[in-house]
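Here's the structure, in structure tokens; my notes come after.
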Protein chains: 2
Amino acid sequence: MNTFGIAKIDQSKLREDVYAAMRDAFTRGEFAPGAVLNLRGLAEQLGTSMTPVREAVRRLVAEGALIDTPSRTLQVPPFDQERMLDLKRARVGMETMVLGIAMENMDAATIDLLETIIQTPPDAEQTGPNLKANHDFHFTLYRKSNSAVMLPLIEALWLQYGAYLNLIIRHENALRVDEHEFHKDMIRALRRNDRDAAKAALKTDIESSFNYLAAEKLDKLTVISGRNPE
Amino acid sequence: MNTFGIAKIDQSKLREDVYAAMRDAFTRGEFAPGAVLNLRGLAEQLGTSMTPVREAVRRLVAEGALIDTPSRTLQVPPFDQERMLDLKRARVGMETMVLGIAMENMDAATIDLLETIIQTPPDAEQTGPNLKANHDFHFTLYRKSNSAVMLPLIEALWLQYGAYLNLIIRHENALRVDEHEFHKDMIRALRRNDRDAAKAALKTDIESSFNYLAAEKLDKLTVISGRNPE
DNA sequence: ATACGATCAAATATCACAGATAACATCAAG
DNA sequence: CTTGATGTTATCTGTGATATTTGATCGTAT
């Protein structure tokens, strides 16, 4: 600690801020699948110029949260049944793998922390499922794997999933119940150090959230979610 | 010849080309772990301006192939035993998973194609292991999974692995023999549609390539690989 | 219906600025 | 006078902004 207790100046890195803002918007499901974005619009909304937006966008493209269209515009990946299944498989595979590693390093303190996370009361005016708490719960768990390589990949999957969240979020109440079940099961499995049970709970959690996107509901939902490209 | 073995680019889709050129350099192990890069130098070597280089670099950072240092410069990730183990685990996990999916869609034509890939004679003047053929072999296999989500993640892992290739590559002959064994075993397992055998062969392949980076050899190798930061 | 041109957005190049680094000069102590 | 430390400056870096170029799309006129 320094002598005068002067905090280091958090010199604003615009590019990071822009990225963080867009990422947040994604994880809150603010972007509708298929929506078309343009750099100038984003720059204006964020009160900055094109350059930082461009770099943030480039990163989002690398992470699969946005795609380049042939006509040089940007698009939120359109809803696509096949892609959704693909994403589900990827999430189940990667997240159960990391969960297995995390459980090698699991300790009582972390389990307690997980419990406090899910007991945090949802914000007063919050109506939907508690997305932030759910994110925290999963990643507090995964961070115990200490995998600097895999955690960013899982973040990228969640980001891609974020666009679909826009659709899932309509099933707020059902989803909230499922989450609660999952959190309870997971804590129990962790306390018993029962890997198979923990992985099974996680698998069920991921799959159930995707189930709200079943094919028969797709048409109705895409209409709700706003504009559809092409 | 310039430092990084990056060929100059002709004017068209610059951003993609810059990215492709740097990516190629990585997968050929041209970048030494710990090496420091700067945008102006890269732009000059590539015969273009900073802007496209910045975007390509931004993408490589997002993929973990480069890292931002606190002092705002760019660096090839330094060698790190822990990170290496992490990367190995990630590769084994993700690639065996995708292999499993690919085998659900496997057909004779693809197996034949794989066989022609490994039978392609190495370029006349080529001395090291046939990196391109090996890459082709793996990804032709993985592409059969039709996973638009997971393939880019695996590409990212290979890119991170690329920096270590710079070190592994010194064991050229041993590596070449291992690769040959692997390709043979894999084809055989695919023909029998034996998933466990195929996964075991893949696991062995990945792990053996990392074994050349065992701790006792580390010191010697980092010296060879060029400059060391800090 | 096709072709041409107007219009708009993205890609690139260039410019201006601020942080970081390192070489250099200056000064003090032995 | 030498040596070590400290303050200064020159230079190099990435970042953000802006001007210019390129390419695509859509409307209109033939």
Side-chain angles (χ1 to χ4, degrees), chain A residues 2-3 6-23 31 34-62 65-78 227-230, chain B residues 2-4 6-23 31-32 34-78 227-230:
Chain A
N2 68 35
T3 321
I6 301 175
K8 242 187 188 158
I9 294 175
D10 185 6
Q11 80 140 28
S12 66
K13 299 184 71 176
L14 226 37
R15 184 187 61 217
E16 278 304 315
D17 292 346
V18 168
Y19 171 76
M22 291 193 67
R23 180 194 193 96
F31 291 94
V36 174
L37 307 176
N38 70 75
L39 296 182
R40 284 182 169 79
L42 290 170
E44 184 157 356
Q45 283 186 35
L46 292 159
T48 180
S49 86
M50 283 177 63
T51 312
V53 173
R54 190 183 200 73
E55 302 207 11
V57 157
R58 227 10 81 196
R59 181 165 170 189
L60 290 166
V61 169
L66 288 175
I67 54 179
D68 286 313
T69 67
S71 59
R72 315 203 288 178
T73 60
L74 294 162
Q75 191 183 31
V76 181
R227 47 178 309 174
N228 220 0
E230 284 133 333
Chain B
N2 64 35
T3 324
F4 303 107
I6 304 174
K8 262 208 176 148
I9 291 171
D10 54 347
Q11 308 286 337
S12 64
K13 301 194 119 194
L14 237 32
R15 169 169 40 83
E16 269 315 304
D17 291 347
V18 167
Y19 172 75
M22 292 193 66
R23 180 194 194 96
F31 291 94
V36 174
L37 308 176
N38 69 75
L39 296 182
R40 285 183 172 84
L42 290 169
E44 184 158 355
Q45 285 186 29
L46 292 160
T48 178
S49 84
M50 285 176 65
T51 312
V53 174
R54 273 161 75 173
E55 302 207 15
V57 159
R58 234 0 85 199
R59 181 164 172 189
L60 290 165
V61 170
E63 290 168 338
L66 288 175
I67 55 179
D68 287 313
T69 68
S71 59
R72 314 204 291 177
T73 61
L74 293 163
Q75 192 184 30
V76 181
R227 47 178 311 175
N228 217 0
E230 285 132 334

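All chains are named by letter (A, B, ...) in the order of the sequence lines, taking the proteins before the strands, and each is independently numbered beginning at 1. Because the structure is predicted, anything quoted here is derived from the model rather than measured.
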Report yes if at least one side-chain N or O of [X] is closer than 4.0 Å to OP1 or OP2 of [N]; otherwise report no.
X	N	result
B:Thr48	C:dA13	yes
A:Arg15	D:dT15	yes
B:Arg58	D:dT15	yes
B:Asn38	D:dT13	yes

Mind checking the [atom1]-[atom2] spacing from [X] to [Y]? Nearest 0.5 Å is all I need.
X	Y	atom1	atom2	result
A:Met50	A:Asn38	CE	CG	9.0 Å
A:Arg23	A:Leu60	CZ	CG	8.0 Å
B:Met22	B:Leu66	CE	CG	5.5 Å
A:Glu55	B:Arg58	CD	CZ	5.5 Å

Rounded to whole angstroms, how far apart are [atom1] on [X] and [atom2] on [N]?
X	N	atom1	atom2	answer
A:Leu37	C:dC8	CG	P	20 Å
B:Asp68	D:dT15	CG	C1'	12 Å
B:Tyr19	C:dA11	OH	C1'	19 Å
A:Leu46	D:dA17	CG	P	12 Å
A:Glu44	C:dA9	CD	P	11 Å
B:Arg40	C:dT14	CZ	P	12 Å
A:Leu39	C:dC8	CG	P	17 Å

Query raised in the report: Of all heavy-atom pairs between B:Pro77 and B:Ala65, which one has the smallest distance, and what is that distance?
Result: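 In this case the closest contact between B:Pro77 and B:Ala65 is CD-O, 3.2 Å.
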
Query raised in the report: Which heavy atom in A:Ala56 sits nearest to a heavy atom in A:Val18, and how many Å separate them?
Result: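 Residues A:Ala56 and A:Val18, closest heavy atoms: CB-CG1, 3.6 Å.
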
Query - Pairing of A:Glu44 and A:Arg40 as salt bridge, 4.0 angstrom limit - result: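 A:Arg40 and A:Glu44: not salt-bridged.
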
Query raised in the report: Does the distance from a Lys or Arg side-chain N to an Asp or Glu carboxylate O, for B:Arg59 and B:Glu16, drop under 4.0 Å?
Result: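 Yes.
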
Query raised in the report: Heavy atom of residues 49-57 of chain A under 4.0 Å from DNA chain D: which residues?
Result: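 Contacts with DNA chain D under 4.0 Å: A:Ser49, A:Thr51, A:Pro52.
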
Query raised in the report: Is any side-chain heavy atom of B:Leu74 closer than 4.5 Å to a side-chain heavy atom of B:Thr69?
Result: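 Side chain of B:Leu74 against side chain of B:Thr69, heavy atoms only: no contact under 4.5 Å found.
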
Is there any protein nitrogen or oxygen under 3.5 Å from a nitrogen or oxygen in nucleotides 22-24 of chain D, and what are the pairs?
| residue | atom | partner | partner atom | Å |
| --- | --- | --- | --- | --- |
| D:dT22 | O2 | A:Arg72 | NH2 | 3.4 |
| D:dG23 | O4' | A:Arg72 | NH2 | 3.4 |

